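Take a look at the structure set out below.
Remember, predicted model here, so these are calculated numbers, not experimental data. Labels below follow one simple rule: chain letters A, B, ... track the order of the sequence lines, proteins then strands, and each chain is numbered from 1.
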2 protein chains.
Amino acid sequence: MVTMSDVAREAGVSVMTVSNVLSDRRPVGAPTRARVLAAVEALGFEVNLTARHLRAGRTDTVALIVPSFHDYFGEVADEIAPLVEAEGRHLVLERTSANPEHEMESLSVARLQLYDGVLLSVAALDRDQLDRVRTPKPIVLLGEHEVPDRFDHIKLANEEGARLATSHMIEGGSRRILALGAAYESAHKMTTDRRVGWETAHREAGLPVDERYVVPVTTYSSQGAREALLDVVASGLPFDGVFAVTDVIALGAVAALAESGLRVPDDVQLAGFDNLDVSSFVPPGITSIDPNHRGVAQDAVRLLHRRMADAAAPAEHIVAPVRLVVRGSTRGGR
Amino acid sequence: MVTMSDVAREAGVSVMTVSNVLSDRRPVGAPTRARVLAAVEALGFEVNLTARHLRAGRTDTVALIVPSFHDYFGEVADEIAPLVEAEGRHLVLERTSANPEHEMESLSVARLQLYDGVLLSVAALDRDQLDRVRTPKPIVLLGEHEVPDRFDHIKLANEEGARLATSHMIEGGSRRILALGAAYESAHKMTTDRRVGWETAHREAGLPVDERYVVPVTTYSSQGAREALLDVVASGLPFDGVFAVTDVIALGAVAALAESGLRVPDDVQLAGFDNLDVSSFVPPGITSIDPNHRGVAQDAVRLLHRRMADAAAPAEHIVAPVRLVVRGSTRGGR
DNA sequence: ATCCGGGATTTTAGCGTTAAACTAGGAGCA
DNA sequence: TGCTCCTAGTTTAACGCTAAAATCCCGGAT
């Protein structure tokens, strides 16, 4: 491996001068700089970032730690990356497997020290576990959990979004709306919040809330949703609307409805949550709640930068507003 | 920050003993070990991985460098992660923005040194640029480009897959099949390969190859595909089949066909490539070419481990087999 | 001629860890 | 007794870089 001292010897200068040329931290005379750069080129030197990090105490890298790499998180990550890069830092993704043990490990202060800041999407950690995380490292939490007050935190307006989607279908004429993927007790606080919004919409409309219409899914995927909804159809429970707690769930619902010969939106209205790209392309277009990924990404990065600049700043808790996007899967709107 | 020497002082031992307890590299007497662990606990010590990396020369981390975090790459990444973790290493994702400059930067040896091995998904680098990458770091290339022989490389059987999908639609009765998203000259070698497979299928069936049926997309997305296909419909060019070079493109096609009142598969058959999750749920199910993500992930990790174990091993070039998955968007099969 | 200011460059001193060499203190054995 | 061997622990010397302090050198002011 070529080190800085190799370059220094080749250029006939001290190691520190090489460092100064490369990092532009202190002025270096033009002829010297040229000789150093020539030596760098000749030897193919690349600075050892690990050594730089150890010495300089920063890594110029931010981590986004997510439960899984695909779908929702991939899309958000692609929004966050340019914002982080705009500040001259790198973004890397790490994964927790939505598994409490792994999430704890990724959270170990050891791993955190590799980064100047961390955006942590909390999927599987409860408040107690988070409370045990004691580190001066700047952290911003993303996600729908309850979190200790001392953390910066961004969550979506889950209840409000679910209420909007459900109310919209009620206005469109649905009277028996399933809450697909919702739950009463769940590791995912999010599904509970969205169920509450679904209930609120019913109450506001003076409609009864029937527990049979809360349909949990066994595995949290399109496939799980498809199966769960096919079971409902088979059971004979009448319904004329489906509020899917996420668009991934809604996608499974689309498949199940088509297989059951139910037309969308004529027989059954359908609305999802997350406004994934896919939702606008699946005919007839899936009405969804747009969480404004870009806005969330901007808030997240803003909070993180603030925290990195001032460790003592008071923690900020943001509830990101959501917005109903009406498409062909519901009646009304366009 | 609590360091090892703080722990050593607290436990009344040398720093080296603390290191030995934590890394299990050399035996330590039981009472001493207990005292050290108590001190670690009491002070909340976490090892500084940067220092460990500098000294030990390894990071126990593998990077997967991809053009973007969502869709295809997210799915592959989720397959790769457990395989890397099974060997006691971490996986992190970095992004290149499918932009040659950024990809070059991520490839700079400087950044590579942070990892014990790198899986690089080559989207925007041509052979010459890759040829300039000189590093002893274990690298496995993933993707459809031509790459220098000295690199380990895994690519899909693009031509074969495109041929399979197209032939299948020809057997199903289509005679005028668009190659949507394909190209003659393209930064994405993949789209050219798949166009060739589309041509081959025509030749094998004794059908003419009409250049007007190769429809490029302006932006590589569902939206771009939707617009391109709507333009074709507006132009009046008759067609009865669409081979979409990726499922993301196919999804845009589904939307455009539905908007144009064309029925799938009755009026137009449709097939994609990649077999994304979404393809099995979009009614009537999108016929697609399954690249076997899991198999590709396994091969990738196997090659990387081999390369990490033996830097001098001869480079391996794998063409991963693909398989046609027939769904409702084409006639025939089930 | 001497001193001074200030930019250019070097020297010093680690950052926190671990590989390798070394020491202390027994146990085992002839 | 004296020697070797072993185990448990310590000391030493980096890994490759950079912050901070020290030094050098030259033109201009006194």
Side-chain angles (χ1 to χ4, degrees), chain A residues 1-37 39-40 43-61 108-116 135-137, chain B residues 1-37 39-40 43-61 108-116 135-137:
Chain A
M1 170 185 286
V2 183
T3 72
M4 237 179 220
S5 59
D6 296 327
V7 175
R9 198 178 319 111
E10 173 86 9
V13 297
S14 74
V15 181
M16 205 53 225
T17 299
V18 178
S19 174
N20 285 333
V21 168
L22 295 179
S23 66
D24 251 341
R25 271 193 143 28
R26 309 175 59 82
V28 175
T32 313
R33 147 171 270 116
R35 259 188 307 140
V36 168
L37 290 177
V40 164
L43 300 179
F45 169 76
E46 297 272 352
V47 69
N48 181 322
L49 292 179
T50 302
R52 171 178 285 178
H53 296 166
L54 177 59
R55 177 64 239 216
R58 20 171 207 94
T59 64
D60 295 325
T61 302
S108 77
V109 180
R111 195 89 200 149
L112 293 188
Q113 285 177 339
L114 295 175
Y115 306 107
D116 289 350
T135 163
K137 190 62 61 177
Chain B
M1 170 185 287
V2 182
T3 74
M4 240 181 219
S5 60
D6 297 327
V7 175
R9 197 177 321 110
E10 174 86 8
V13 297
S14 75
V15 180
M16 207 50 227
T17 298
V18 177
S19 175
N20 287 333
V21 168
L22 294 178
S23 67
D24 251 340
R25 271 194 144 24
R26 308 172 57 83
V28 175
T32 313
R33 147 171 269 115
R35 258 186 310 141
V36 167
L37 291 176
V40 165
L43 300 179
F45 169 76
E46 297 272 352
V47 69
N48 180 322
L49 292 179
T50 301
R52 170 178 287 177
H53 295 166
L54 177 59
R55 176 65 240 212
R58 17 168 211 94
T59 64
D60 295 324
T61 302
S108 76
V109 181
R111 196 85 200 153
L112 294 189
Q113 284 177 339
L114 294 175
Y115 305 107
D116 289 349
T135 165
K137 191 61 62 177

Apply salt bridge (Lys or Arg N to Asp or Glu O under 4.0 Å) to B/Arg58 and list each qualifying residue two or more places apart in sequence or on a separate chain.
B/Asp60
Heavy atoms, side chains only, cut-off 4.5 Å: are A/Leu22 and A/Val40 in contact?
yes
Measuring only between side-chain heavy atoms, which start at C-beta, is A/Met4 closer than 4.5 Å to A/Val47?
yes
Side chain B/Asn20, main chain B/Met16, donor-acceptor under 3.5 Å:
yes
Side-chain heavy-atom pair A/Val21, A/Arg26 within 4.5 angstrom cut-off:
no
Given the options A/Asn48, A/Thr59, A/Asp116, A/His53 meets side-chain contact (heavy atoms from CB on, under 4.5 Å) only with A/Thr59
Please determine whether a side-chain nitrogen or oxygen atom of B/Thr50 lies at a distance below 4.0 Å from atom OP1 or OP2 of C/dG16.
no
Less than 4.0 angstrom between a side-chain N/O of B/Thr17 and OP1 or OP2 of D/dT10, yes or no?
yes
So do B/Glu10 and B/Val7 actually touch side chain to side chain, heavy atoms under 4.5 Å?
no
Could you walk me through whether B/Arg33 and B/Asp24 satisfy the side chain to side chain contact (heavy atoms under 4.5 Å, CB included) test, starting with their C-alpha distance in whole Å, then the side-chain angles of each, then the deciding distance to 0.1 Å, before giving a yes or no?
CA-CA 10 Å; B/Arg33 147 171 269 115; B/Asp24 251 340; 3.0 Å; yes
To the nearest Å, give me how far apart CG (A/Leu114) and P (C/dG16) are.
15 Å
Whole-Å gap separating C1' (D/dC15) and NE2 (A/His53)
15 Å
Can you give me the bend angle of the helix from C/dA1-D/dT30 to C/dA30-D/dT1? Use the axis through the first five pairs and the one through the last five, nearest 10 degrees.
60°
What is the distance from CZ of A/Arg35 to C1' of C/dT9, rounded to the nearest Å?
11 Å
In 5'-to-3' order, the base (B), backbone-only (S) or no-contact (-) status of each nucleotide in nucleotides 18-25 of chain C, using a 4.0 angstrom heavy-atom cut-off, is BBB-----
Rounded to the nearest Å, what distance is computed from the CG atom of residue B/Leu49 to the P atom of nucleotide C/dT17?
9 Å
For B/Arg9 and C/dT17, what is the distance between atoms CZ and C1' respectively, to the nearest whole Å?
16 Å
Can you tell me how far C1' of D/dC15 sits from CD of B/Gln113, to the nearest Å?
12 Å
Rounded to the nearest Å, what distance is computed from the CZ atom of residue A/Arg33 to the C1' atom of nucleotide C/dT9?
13 Å
Any base atoms under 4.0 Å from B/Ser14, or only sugar-phosphate, or nothing? Heavy atoms, all strands.
base
Just by distance, do the side chain of A/Ser23 and the backbone of A/Ser19 share a donor-acceptor pair under 3.5 Å?
yes
In whole angstrom, what separates B/Met1's CE from C/dG16's P?
6 Å
